[in-house]
Amino acid sequence: MTPVKKISAALGLALVAAVGGAAAFYSGWGFAGNSACAAAEPIAQKLQPLARGEVAAAQVSERPGPLPNLGFAGPDGKAMTLADFKGKTVLVNLWATWCAPCKAEMPALDKLQAQLGGPDFEVIAVNIDTRDLDKPKHWLKSKKIETLAYYADPEAKIFQDLKAVGKAEGMPTTLVVSKEGCQLAILHGAADWSSQDALAFMSAAAGR
């Protein structure tokens, strides 16, 4: 084989590997492909004019795309993933007791769950404290935050997985995910999730 042919062959193999890696991400990590996400586009279009007021910082996806199949522990301590919520619109919020803005918005998230939570929508607030694992539960109890189910990732891997795909810059990080498992919107920083702006935004996200 000539040097030119060797280089061409090597480039061909590299291209195959790259395509294979992308396919592995969408089929292994992501649980919704681009075709499934196309079904979420009408919802995203409805959200565009509703990203205002208290949720003006929400970045609505022009074309909803798949997300990593994020893992965390459920209320019973058993491992689960974002794919377990397929068929339900969810708001995924990462928080920690060392994050003041995170704690500031937890009561509002609790109220959002109380007002909109149901078979078609849930707030998934995932605690990522890595030390003193009883502290988050005690803090929630002290603030009388009782409507939210308790989700946690004591290794904080969920944050790293989102950071790896450019979706986590700091805390708190909030994602609005369609029933197909596609990103409808992302918000970096805190928001008043119990405000009328947020209720209208999330009601539309849930298709109500």
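Everything numeric in this text was worked out from a predicted model, so none of it was measured. Numbering starts at 1 and runs along the sequence shown.
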At their closest point, which heavy atom of F159 faces which heavy atom of G170, and how far apart are they? CE1-O, 3.6 Å
What are the two closest heavy atoms between A185 and S61, and how far apart are they? N-OG, 4.1 Å
For the NZ atom on K103, are there more than 12 heavy atoms of other groups (residues, nucleotides or ligands in this structure) within a distance under 6.0 Å? yes
Tell me the closest heavy-atom pair linking A73 and M80, and the distance in Å. C-CG, 4.4 Å
Give the intermediate values and the outcome of side-chain contact (heavy atoms from CB on, under 4.5 Å) for residues V126 and L70. CA-CA 11 Å; V126 183; L70 306 170; over 6 Å; no
Ignoring hydrogens and angles, tell me if any N or O in the side chain of Q113 forms a donor-acceptor pair with the backbone of T147 under 3.5 Å. no
If we only count heavy atoms from C-beta on, is the T130 to P154 side-chain gap below 4.5 Å? no
Quick one: CG on L140 to CG on L148, what's the gap to the nearest 0.5 Å? 7.5 Å
Taking a hydrophobic cluster as the set of Ile, Leu, Val, Met, Phe, Trp and Tyr residues connected by side-chain heavy atoms closer than 4.5 Å, whether directly or through intermediates, do L109 and M171 fall within one such cluster? no
How long is the span from the CG atom in L184 to the OG atom in S178, to the nearest 0.5 Å? 5.0 Å
With distance as the sole test, does D153 use its side chain to make a donor-acceptor pair with the main-chain N or O of K157 at under 3.5 Å? yes
Quick one: are L199 and L116 in side-chain contact, heavy atoms under 4.5 Å? yes
State the CG-CG distance between D161 and N69, to the nearest 0.5 angstrom. 10.0 Å
Among the clusters formed by ILVMFWY side chains lying less than 4.5 Å apart, do W139 and W193 turn up in the same one? yes
Pairwise salt bridge (charged side-chain N to carboxylate O under 4.0 Å, His left out) hits with a residue in residues 132-151, at least two apart: none
Least distance between heavy atoms, E54 atom then S195 atom: CB-OG, 3.3 Å
Working to the nearest 0.5 angstrom, can you tell me the gap between E41 CD and C182 SG? 9.5 Å
Trace of the side-chain contact (heavy atoms from CB on, under 4.5 Å) decision for M202 with V123: CA-CA 10 Å; M202 294 312 304; V123 175; over 6 Å; no
Exactly one of R63, K167, Q59 clears side-chain hydrogen bond (donor to acceptor under 3.5 Å, both in side chains) with Q183, and that residue is K167
Test item: F85 and K179 side chains (from C-beta on) under 4.5 Å apart, heavy atoms: no
Would L67 and F121 show up in the same hydrophobic cluster when neighbours are defined by side-chain heavy atoms closer than 4.5 Å? no
Can you name the nearest heavy-atom pair linking E180 to A36, along with the distance? CG-O, 3.6 Å
Are the side chains of V60 and F201 in contact, using a 4.5 Å heavy-atom criterion? yes
Judged by atom type as modelled, is there a donor-acceptor pair below 3.5 Å linking the side chain of N127 to the main-chain atoms of A152? no
Mind checking ring pair (Phe, Tyr, Trp, His ring centres under 6.0 Å) for F72 and listing every partner two or more places apart, or none if nothing turns up? Y151
Can you tell me how far apart NZ (K46) and CG (L50) are? Round to the nearest 0.5 Å. 10.0 Å
I'd like to know whether CD of E155 has more than 12 heavy-atom contacts from other residues, nucleotides or ligands below 6.0 angstrom. no
Does V55 belong to the same Ile/Leu/Val/Met/Phe/Trp/Tyr cluster as I43, with side-chain heavy atoms less than 4.5 Å apart forming each link? yes
What pairs of donor and acceptor atoms, side-chain ones from residues 87-95 against any protein atom, are under 3.5 angstrom apart with sequence neighbours left out?
from: K88; atom 1: NZ; to: E122; atom 2: OE1; distance (Å): 3.4
from: T89; atom 1: OG1; to: A205; atom 2: O; distance (Å): 3.4
from: N93; atom 1: ND2; to: E105; atom 2: OE2; distance (Å): 2.8
from: N93; atom 1: ND2; to: T174; atom 2: OG1; distance (Å): 2.9

Working to the nearest 0.5 Å, report the span between CG of L82 and CD1 of I124. 6.0 Å
Which atom pair, heavy atoms only, marks the closest approach of P107 to A104? CD-O, 3.6 Å
Going only through I, L, V, M, F, W and Y residues with side-chain contacts under 4.5 Å, is there a path from W98 to I158? yes
